[in-house]
Amino acid sequence: MSEPAEPSKSVPPAQAQPAAEAAARERLLAEVAALPGLPGVYRWFDAAGQVLYVGKARNLKKRVSSYLHRDHDGTRIGSMVSRIARLETTVVRSEAEALLLENNLIKTLAPRFNILFRDDKSYPYLKINGAPGSGTDGAGAPAASRFPRMSYFRGAVDRKHRYFGPYPNAWAVKQTIQLMQKVFRLRTCEDTVFNHRSRPCLLYQIQRCTGPCVGLVSRDDYARDVRDAERFLLGETQAVIDDLQAQMMAWAEALEFEKAAELRDRIGSLSRVLHQQSVELSSLSALDKDVDILAAKVAGGRACVNLAMVRGGRHLGDRAYFPTHVDEGAAISADAADERFEEDLAGPEASHSPEAAVLEAFIVQHYIGQPVPPQLVTSHAVNAELVEALSAASGVRVRAQHQPREQRRIWLEMAAKGAELSLARLLAEEGSQQQRTRALIEALDVDIADPATLRVECFDISHTAGEATQASCVVFEGHQMQSAQYRRFNIEGITGGDDYAAMRQVLTRRYARLAEAVAAGRSDALPHAAGQVEPVADAAGGDSAKPAAAAKPRRGLARLPDLVLVDGGRGQVSMAREVFEELGLDLSLIVGVEKGEGRKVGLEELVFADGREKVRLGHDSAALMLVAQIRDEAHRFAITGMRARRASVRTGGSRLEDIAGVGPRKRARLLQRFGGLRGVASAGVDDLASVEGISRELAEEIYRALH
């Protein structure tokens, strides 16, 4: 289709603009008309190039055209369609591929009208190192490998060891490890500790370990305990109990009553745990051994998905997830169902309530790249074809049920109650936080219309007698702390202990570029603008900000805050005033938090740089509570970074940092295993190579670098 001719100069702009919009609309309709009737993924963009929505379709042409050929006035879909300026599509071979691509794009692009869940898949596992059958238990293997270790694990799994889970949280793993210690008495010590024991440890004395480190249990007996533990974790509980009872009777017939009594105690411990689970395992089918229960609750513009995990027939606990963009995403799904936009994807039992939309978004974003159990129990019916696509993508035959009976019904009721309580707690916390934000705006008379856009940056200085000085900058926006926007500044070139000079340096480095943008008339640098903020990880010790003069241009620019909190009284505020005067910034932004009489909490006073009188808020003031929260977070962030930097200087941690191939995780594992850099330096190559993630070649490199 040919491009429309440019409007004549005599045409008024008010007439030219509708003409351009009409031409763009025609181009979009022509592009949609040319789409194939194949599976794929589509993306809607606005005029600024921001992605609005990502969706998948079994029939791209039918699905995409439905957005443009109906009346959407007054609906969420209408709000989105009115912003559409451009379309991108990708044709795939199957709905499973569409599911994978949609998930990746949603996580990468974070569309405005999609329900978004935080990408947090780092679930903990229970790990049995070198378990029988893993290939590491040969006769020539080290002693530690011949007696597998049970441990808590979080990270990428491999085939060398056995992993059980995932578990919803660390507490569930540690509770299971305690149970394994009581019943099966497997070791939990590190290999380096195991290989150097000369007598049994306290765990043996309290009957939580069989003492393989000093040969108090044979390899065959220990291997049997490991197999029993694995069978228990896999749900074969009754078979394990039967075997323990048979062993107990055999010892009793052989008049080995002490050993029989030991097995009796194990059986008793195991029976008590099963009783606490309130599950009659003998009545569970094979599908009930590994189940995920998903319960959704939507209220007050927020949503909660409570995920409860059942592994091996044992209920391991639950975990709550809170998505964003709930109003937009859920409403679009519901409106689409009302107008039959989802007809090509909806199954006969599909429900498009807000809860169902949230559940479907969770399933798409959570299970891709994550182990999927064969059974999902959901509080609301989800798209049947979505489940089929998940099965194809994961390689596991997945079934979903939303009206369960018997034990699964009990599990679902528990999960639903947990979702309701978690959401109520979140709404209460957010309501309290919003009240605090409004109270602060009123107390300081900040000229801002929407409290959610209030941006506060707070600075603090931390050092130990002038050593390892660090400054922190924390950000409060959208009624909550924005940890991804925190920054640390290594302060150098000043007299040790000079907090005023440190404050001058950090404020200059933070706001110099912003001041230049303000002077140049950049709207995204002004307060209340929607500028982009460069995310900076909460990393300890690193110099996460360079002086403004040496900084290279970066994509995006943080806007000026509405308030700049300085942890200190008149002295720090005066220093901040000087910096802002030099940079040409508004002095009314600066507020100092001065300690009250006796430095007691609740007696703080607010000091202003623009000459206003001090303000003392009541100890029960919601505004003071918010100020204290932000200030304390700045103090925490500064002091943790200072301690890490100080430790690095004192222990020479940089010697490990300078070794190629040794990143933060490997460095932490080395220091933890050997108790510090001195222990790492005294370790041999074989000991270094025994640390997870350290290859033989890297161990030799570390050894050479430290000697």
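Atom set for the values below is all heavy atoms of this structure, side chains included, hydrogens, waters and symmetry mates excluded.
- Taking 4.0 Å as the cut-off between side-chain N and carboxylate O, E355 and K297 do not count as a salt-bridged pair.
- The salt bridge (Lys or Arg N to Asp or Glu O under 4.0 Å) test applied to R669 returns no partner, not counting sequence neighbours.
- Under the 4.5 Å side-chain criterion, counting only non-hydrogen atoms from C-beta, V475 is not in contact with V456.
- If you check the side chains of E457 and Y511, you find a donor sitting under 3.5 Å from an acceptor.
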Test log, rule side chain to side chain contact (heavy atoms under 4.5 Å, CB included), inputs R509 and R504: CA-CA 9 Å; R509 289 164 61 179; R504 166 181 284 277; over 6 Å; no
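- By the 4.5 Å heavy-atom criterion applied to side chains, V566 and V591 are not counted as neighbours.
- Not counting sequence neighbours, the partners of F153 by the ring-ring contact (aromatic ring centres under 6.0 Å, His included) test are Y163.
- Proximity of a side-chain donor or acceptor of E594 to a complementary backbone N or O of E605 within less than 3.5 Å is not detected.
- For the pair P168/L307, no side-chain contact is recorded, criterion being any heavy-atom separation below 4.5 Å from C-beta on.
- For the atom pair NZ of K107 and CG of N103, the computed distance is 4.0 Å after rounding to the nearest 0.5 Å.
- Annotation: side chain of I84 is in contact with side chain of V81 (closest heavy-atom distance under 4.5 Å).
- For the salt bridge (Lys or Arg N to Asp or Glu O under 4.0 Å) test, no residue two or more places apart in sequence or in another chain qualifies with R83.
- No donor-acceptor pair closer than 3.5 Å links the side chain of S432 to the backbone N or O of A428.
- The nearest pair of heavy atoms linking H325 to I115 is O-CG1, 3.9 Å.
- The two residues P323 and V358 make their nearest non-hydrogen contact at CG-CG1, 4.3 Å.
- Separation of atoms CG (L514) and CG (L560) is listed at 5.0 Å; rounding is to 0.5 Å.
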CA sep, side-chain torsions, deciding dist, call: L454, I441, side chain to side chain contact (heavy atoms under 4.5 Å, CB included): CA-CA 8 Å; L454 175 69; I441 291 173; 3.9 Å; yes
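- Residues passing the side chain to side chain contact (heavy atoms under 4.5 Å, CB included) test with A452 are D450, H479, sequence neighbours excluded.
- Side chain of D46 to main chain of G49: a donor-acceptor pair is present (N/O by atom type, distance under 3.5 Å, no hydrogens or angles).
- Between atom CE of residue M575 and atom CD of residue Q505 there is a gap of 11.5 Å, rounded to the nearest 0.5 Å.
- Cation-pi geometry between R612 and F608 is met: under 6.0 angstrom from the ring centre, within 45 degrees of the axis.
- Separation of atoms CZ (R455) and CD1 (I448) is listed at 11.5 Å; rounding is to 0.5 Å.
- Tested against D460 for a side chain to side chain donor-acceptor pair (under 3.5 Å), the candidates Q470, R631, H635 yield a single pass: H635.
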Pairs of donor and acceptor atoms involving the side chains of residues 494-501, under 3.5 Å and at least two apart or interchain, shall be tabulated with distances.
unit_1 : atom_1 : unit_2 : atom_2 : d
D498   : OD1    : Y500   : N      : 3.3
D498   : OD1    : A501   : N      : 3.2
D499   : OD1    : H463   : NE2    : 2.9

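- Distance alone, capped at 3.5 Å, places no donor-acceptor pair between the T469 side chain and the I491 backbone.
- In this structure, CD on E413 lies 7.0 Å from CD1 on I410, to the nearest 0.5 angstrom.
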Verdict with reasoning, M414 to H315, per side chain to side chain contact (heavy atoms under 4.5 Å, CB included): CA-CA 11 Å; M414 293 167 56; H315 194 292; 4.0 Å; yes
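- Using a 4.5 Å heavy-atom threshold, the side chains of Y152 and I177 count as touching.
- Y67 and Y53 have tilted rings, their planes meeting at an angle from 30° to 60° on a 0 to 90° scale.
- Scanning both residues, A623 and L617, for their nearest heavy atoms gives CB-CD1, 3.9 Å.
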Please tabulate, one pair per line, all N/O donor-acceptor pairs under 3.5 Å involving side-chain atoms of residues 415-423, not counting sequence neighbours.
unit_1 : atom_1 : unit_2 : atom_2 : d
S422   : OG     : G418   : O      : 2.9

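- Going from atom CG of L626 over to atom CZ of R438 covers 12.0 Å, rounded to the nearest 0.5 Å.
- Looking at D292 and Y367, their side chains do bring a donor and an acceptor atom within 3.5 Å of each other.
- The side chain to side chain contact (heavy atoms under 4.5 Å, CB included) check on R665 picks up nothing, with sequence neighbours excluded.
- The side-chain heavy atoms of N169 and L316, taken from C-beta on, include no pair separated by under 4.5 Å.
- Under the side chain to side chain contact (heavy atoms under 4.5 Å, CB included) criterion, M481 pairs with V474, F476, Y486, Q629, I630, E633, not counting sequence neighbours.
- Pairing each heavy atom of C473 with each of F459, the nearest pair is CB-CE2, 3.6 Å.
- Scored by the side-chain hydrogen bond (donor to acceptor under 3.5 Å, both in side chains) test, S472 finds no partners at all (sequence neighbours excluded).
- Side-chain atoms of Q572 and D567 include no donor-acceptor pair closer than 3.5 Å.
- With sequence neighbours left out, Y125 forms a ring-ring contact (aromatic ring centres under 6.0 Å, His included) with no residue at all.
- Residues V364 and E102 form a side-chain contact, since some pair of their non-hydrogen atoms from C-beta on lies under 4.5 Å apart.
- For R436, there are no salt bridge (Lys or Arg N to Asp or Glu O under 4.0 Å) partners, not counting sequence neighbours.
- Contact detail for A299 and L427: the closest heavy-atom pair is O-CD1, 3.8 Å.
- The 12-atom threshold is exceeded at CD of Q434, counting heavy atoms of other residues, nucleotides or ligands nearer than 6.0 Å.
- The shortest distance between side-chain heavy atoms of D610 and S588 falls below 4.5 Å.
- Taking all atoms of both residues into account, the shortest heavy-atom contact from L589 to D562 is CD2-O, 3.4 Å.
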CA sep, side-chain torsions, deciding dist, call: F45, L52, side chain to side chain contact (heavy atoms under 4.5 Å, CB included): CA-CA 5 Å; F45 293 84; L52 296 173; 5.9 Å; no
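- Every residue was checked against the salt bridge (Lys or Arg N to Asp or Glu O under 4.0 Å) condition with R425, not counting sequence neighbours, and none meets it.
- One side chain, R488 or T640, offers a donor N or O that lies under 3.5 Å from an acceptor on the other.
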